[in-house]
Trainee: 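First, the structure itself, so that you have it in front of you.
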There are 2 protein chains.
Amino acid sequence: MKDTNETNGLQKAGLKATLPRLKILKFLESTTVRHLSAEDVYKAMLDGGEEVGLATIYRVLTQFESAGLVTRHHFEGGHSVFELNEGKHHDHIVCVKCGKVEEFYDETIEERQHLIAEKNGFSMTDHALTIYGVCADCK
Amino acid sequence: MKDTNETNGLQKAGLKATLPRLKILKFLESTTVRHLSAEDVYKAMLDGGEEVGLATIYRVLTQFESAGLVTRHHFEGGHSVFELNEGKHHDHIVCVKCGKVEEFYDETIEERQHLIAEKNGFSMTDHALTIYGVCADCK
DNA sequence: AATTAGAATGAGAATAGTTCGCATTTGGAC
DNA sequence: GTCCAAATGCGAACTATTCTCATTCTAATT
């Protein structure tokens, strides 16, 4: 079999390199939209001529999450959105009018979170910081 | 009509003082559990002998949210939990093992969030910061 | 206290997002 | 190339939430 980047990525993550998984990973790497729901992925892939069952999309995205390839977010509205992990950790600002998502990273906030977790007797495993507001375009 | 605290609270919030709303508000004020799903509220009230339809619980909690009486959170797991607004703003640490929720407030983080929103051209309207970790008891 | 119009409620149907069960297919070790 | 375990697709099932609409309640008015 061809030893593509995607095949490698999956194998390193401990996942068999199946066709649906390869397609989904390739799609996530190629799309310009960074935050997608399972349904978004399903529809966008269909439009691109790649048919993968919706249930499989859900399963694979969950596996990718466990493997650390993607991150799942729960922005307002309740349903999950997924984001390919590349580069460094960051948090999000979401526009409450148009839904636009921007990313940011703040060292001070990161540090203080660890401190706060410790102070409360917790071992921090993760965090979710989302700022909601009205973006420049929507004002 | 009797001019109770609850009746007052509802009227100030622009809501008619109906029996279900009074019962729900009274329940939220009396329970020691601070973070509850709609279903939690439904069941706990049933146990307490107060029957209010689940659909009404959802409607009323949403109205309370709009009125600023409660806050809705989206912790991991997807479904909403509600918290009575009393005292000052705070964020949350959730134990990923047992689900315990602790509250904290950190001035530095609050300030930096506003700064970050501005830097990105947003007018911040709200934010959600949740730290996930393993609590002392679960370690 | 009785009337009344509009708002609120309850019960169940409907919906959205997600997961499950199982028959069929596929990946890759031998 | 064979073969078994793992993965997929499909539709059914599930969960959380919202909607519909007939009935009931609130509170303003008489």
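Within every chain, numbering begins at 1; the chains are lettered A, B, ... in the order of the sequence lines, protein sequences first and strands thereafter.
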Trainee: Touch check for S80(A), heavy atoms < 4.0 angstrom, all strands: base, sugar-phosphate only, or nothing?
Mentor: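 Counting heavy atoms under 4.0 Å across all strands, the contact made by S80(A) is with sugar-phosphate only.
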Trainee: Want to settle it: does K16(B) or T56(B) sit nearer the 5' end of DNA chain C, counting the closest nucleotide to each?
Mentor: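 Checking each residue's closest nucleotide, the 5'-ward one belongs to K16(B).
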Trainee: Expressed in angstrom and rounded to an integer, what is the separation of L46(B) atom CG from dA11(C) atom P?
Mentor: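 Spelled out: CG on L46(B) to P on dA11(C) is 10 Å.
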Trainee: How close or far is atom P of dG27(C) from atom CD of Q11(A), stated in whole angstroms?
Mentor: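 One finds 12 Å between P of dG27(C) and CD of Q11(A), rounded.
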Trainee: Quick check: do F64(A) and L10(A) have side-chain heavy atoms less than 4.5 Å from each other?
Mentor: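 A side-chain contact under 4.5 Å exists here.
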Trainee: Over how many whole Å does the gap from Y42(A) atom OH to dT18(C) atom P extend?
Mentor: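 Interatomic distance, OH of Y42(A) to P of dT18(C): 15 Å.
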Trainee: Applying side-chain hydrogen bond (donor to acceptor under 3.5 Å, both in side chains), run through H79(B) and E39(B) and close with a yes or a no.
Mentor: CA-CA 10 Å; H79(B) 65 293; E39(B) 188 109 23; over 6 Å; no
Trainee: Closer to the 5' end of DNA chain D via nearest nucleotide, is it V81(B) or L19(B)?
Mentor: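 Going by which nucleotide is closer to the 5' end, it is V81(B).
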Trainee: Return the nearest nucleotide to the side chain of V60(B); candidates are dT9(C), dA11(C), dG17(C).
Mentor: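 Within the option list, the nearest is dT9(C).
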Trainee: Any idea which of dA7(D), dG17(C), dT26(D) is nearest the R21(A) side chain?
Mentor: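 So the side chain of R21(A) is nearest to dA7(D).
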Trainee: Just how far, in rounded Å, is P of dT18(D) from CD of Q63(B)?
Mentor: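 About 12 Å, once rounded to whole Å.
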Trainee: Establish, from distance only, whether the side-chain atoms of Y105(A) and E107(A) form a donor-acceptor pair under 3.5 Å.
Mentor: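 Y105(A) vs E107(A): donor-acceptor pair found between side chains.
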Trainee: Starting at atom CG of L54(B), determine the distance to atom C1' of dA8(C), rounded to an integer number of angstrom.
Mentor: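 Atom CG in L54(B) sits about 16 Å away from atom C1' in dA8(C).
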Trainee: Does dA8(C) have OP1 or OP2 sitting under 4.0 Å from an N or O in the side chain of R59(B)?
Mentor: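 No, no such contact exists.
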Trainee: Which nucleotide wins on minimum distance to the side chain of T18(B), given the candidates dT17(D), dT18(C), dA8(C)?
Mentor: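 Nearest listed nucleotide: dA8(C).
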Trainee: Between atom NZ in K23(B) and atom P in dG10(C), what is the gap in whole Å?
Mentor: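 In whole Å, dG10(C) P and K23(B) NZ are 8 Å from each other.
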Trainee: Using a strict threshold of under 4.0 Å (side-chain N to carboxylate O), is an ion pair present between K26(A) and E50(A)?
Mentor: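 Judged by the 4.0 Å cut-off on N to carboxylate O distance, E50(A) and K26(A) do not form a salt bridge.
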Trainee: Is the count of non-hydrogen atoms from other residues, nucleotides or ligands lying under 6.0 Å from K139(B) atom NZ greater than 12?
Mentor: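 Count over threshold, so yes.
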Trainee: May I have the distance from L15(A) (atom CG) to dG27(C) (atom C1'), rounded to whole angstrom?
Mentor: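 In whole Å, dG27(C) C1' lies 13 Å from L15(A) CG.
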Trainee: Whether Y58(A) contacts dT19(C) is assessed here as follows: a side-chain N or O lying under 4.0 Å from the phosphate OP1 or OP2. Is that the case?
Mentor: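 No, no such contact exists.
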Trainee: Nearest whole angstrom, please: distance from the C1' of dT9(C) to the CD of E50(B).
Mentor: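 One finds 15 Å between C1' of dT9(C) and CD of E50(B), rounded.
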